[in-house]
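Just so you know, ligand 1 is whichever comes first in the structure, and atom 1 is the first atom listed for that ligand. What you see below is based on every heavy atom in this structure, not just the backbone, and it leaves out hydrogens, waters and symmetry mates.
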Amino acid sequence: MKPASASPDRYAVIGDPVEHSLSPHIHAVFAASAGQRMTYGRERVRAGELAAWIEAFGAGGGRGCNVTLPLKEEALAAVDRVSARARSAGAANTLWRDVAGHWCADNTDGIGLLRDLTVNLGWRIAGSRVLLLGAGGAARGVIGPLLDAGVANIDILNRTPARAQAVVRAFPRAGSRLAVLVPDQSLPAPVDLVLNATSAGLSGALPEWPPGLFSSDRRPRCYDLLYGQKGEVWQTAARAAGALAVSDGLGMLVEQAAAAFWLWRGLWPDTARVLAELRAG
Ligand code: ATR
């Protein structure tokens, strides 16, 4: 055990850009409420620099970090151990050094999404028919946890269908539960949940959705993985089109952070408080 006078355990979020990350604030609130002596900083680390950075960080006593763009894929190659869910997502967002000194990587984005959907929003996910917009890293990261949560099926619609097909091939265990929808193709059946995992909102653009998505009696709920201003275009359009409910991804951000905190500290922090505070601005 560490003597009480030892310096606090060090954590950080790294990426490029990283200045606007909410993670330092979220983890500071978690640490204070859970009585954990730790620091959580932020550092700009460019693509290609991750392996060297974690070696130096570990040598300086660093215990773990969150990785954001553009390092999430690079993280898999920079560590000694990769969890099954990070491997199938093709990306990691949480790294830590285990007791033997090995760097480990996991991906808590999917669990963060599931907790926000089911615990914070109270949306029923088991048995739902899901439409997933996008086929990049964010989309890939949520497919495994959605399948594990017992969704009936996931149709993937992407501007570039070949990318959606590649994602389907990466999840052979899904069988017929995972399929590609091409642009302009109508849905085979009404969906319960639409997830926007595209980055279109970053440039103020609106990704296409299939014809007739909102015209059935069974109106879908819509969830955007983006939050803040970046998500406004899609969320406003979904509301106007008649979505049963619409949510941004702020709760997913807080819950993925909680799952990282749990991996590092063995404690599940109180997420409701920090989420309410962030929502209040
Ligand atoms: P991330 O890691 O955030 O998922 P990414 O791997 O670059 O980022 O993927 C971005 C996703 O948003 C892709 O599915 C992309 O579609 P393409 O594969 O066709 O590029 C989608 N996307 C980005 N801008 C878009 C737009 N204006 N309209 C529709 N889809 C868009």
Item to complete: Out of L226, N158, T160, L225, indicate the one that has the non-hydrogen atom closest to atom 16 (O) of ligand 1.
Response: N158

Worksheet item: Closest non-hydrogen protein atom to atom 25 (C) of ligand 1, residue and atom name please, with distance?
Response: R159 NH1, 3.3 Å

Fill in: Closest protein heavy atom to atom 21 (C) of ligand 1, given as residue, atom name and distance to 0.1 Å
T198 CB, 3.7 Å

Fill in: Polar side chain donor-acceptor pair, W53 to E43, under 3.5 angstrom
yes

Worksheet item: Which of the atoms in ligand 1, numbered in the order shown and given with their element, are less than 4.0 Å from a heavy-atom of G134?
Response: 14 (O)

Worksheet item: N/O to N/O below 3.5 Å, does that happen between A135 and ligand 1?
Response: yes

Worksheet entry | S128 side chain to V130 backbone, donor-acceptor under 3.5 Å | no

Worksheet item: Which class fits the ring pair W264 and H27: parallel under 30°, tilted 30 to 60°, perpendicular over 60°?
Response: tilted

Response to the item:
For R163, the atoms of ligand 1 under 4.0 Å from one of its heavy atoms are 6 (O), 9 (O), 13 (C), 17 (P), 18 (O), 20 (O)

Worksheet item: Relative to atom 2 (O) of ligand 1, which among G137, A166, G90 owns the nearest non-hydrogen atom?
Response: G137

Discussion item. To check your reading of the model: name the closest protein heavy atom to atom 12 (O) of ligand 1, its residue, and the distance in Å.
Written reply: S199 N, 3.0 Å

Worksheet item: Taking everything shown except E55 itself, do over 12 heavy atoms lie less than 6.0 Å from its CD?
Response: no

Worksheet entry | Flag, side chain of R177 to backbone of V151, donor-acceptor distance under 3.5 Å | yes

Discussion item. Can you report which non-hydrogen protein atom sits closest to atom 9 (O) of ligand 1, along with the distance?
Written reply: G136 CA, 3.4 Å

Worksheet item: Do P70 and D16 have side chains that get closer than 4.5 Å, going by heavy atoms?
Response: yes

Practice prompt. Go through the steps for R97 and D9 under the test salt bridge (Lys or Arg N to Asp or Glu O under 4.0 Å), then give the verdict.
Written response: CA-CA 12 Å; R97 232 159 43 122; D9 291 338; over 6 Å; no

Discussion item. Among all the protein's non-hydrogen atoms, which is closest to atom 3 (O) of ligand 1, and how far away is it?
Written reply: A138 CB, 4.1 Å

Worksheet, complete the sentence: Near A205 (heavy-atom distance under 4.0 Å), the atoms of ligand 1 are 27 (N)

Item to complete: Decide, yes or no, whether a salt bridge links D192 with R129 under the criterion of side-chain N to carboxylate O below 4.0 Å.
Response: no

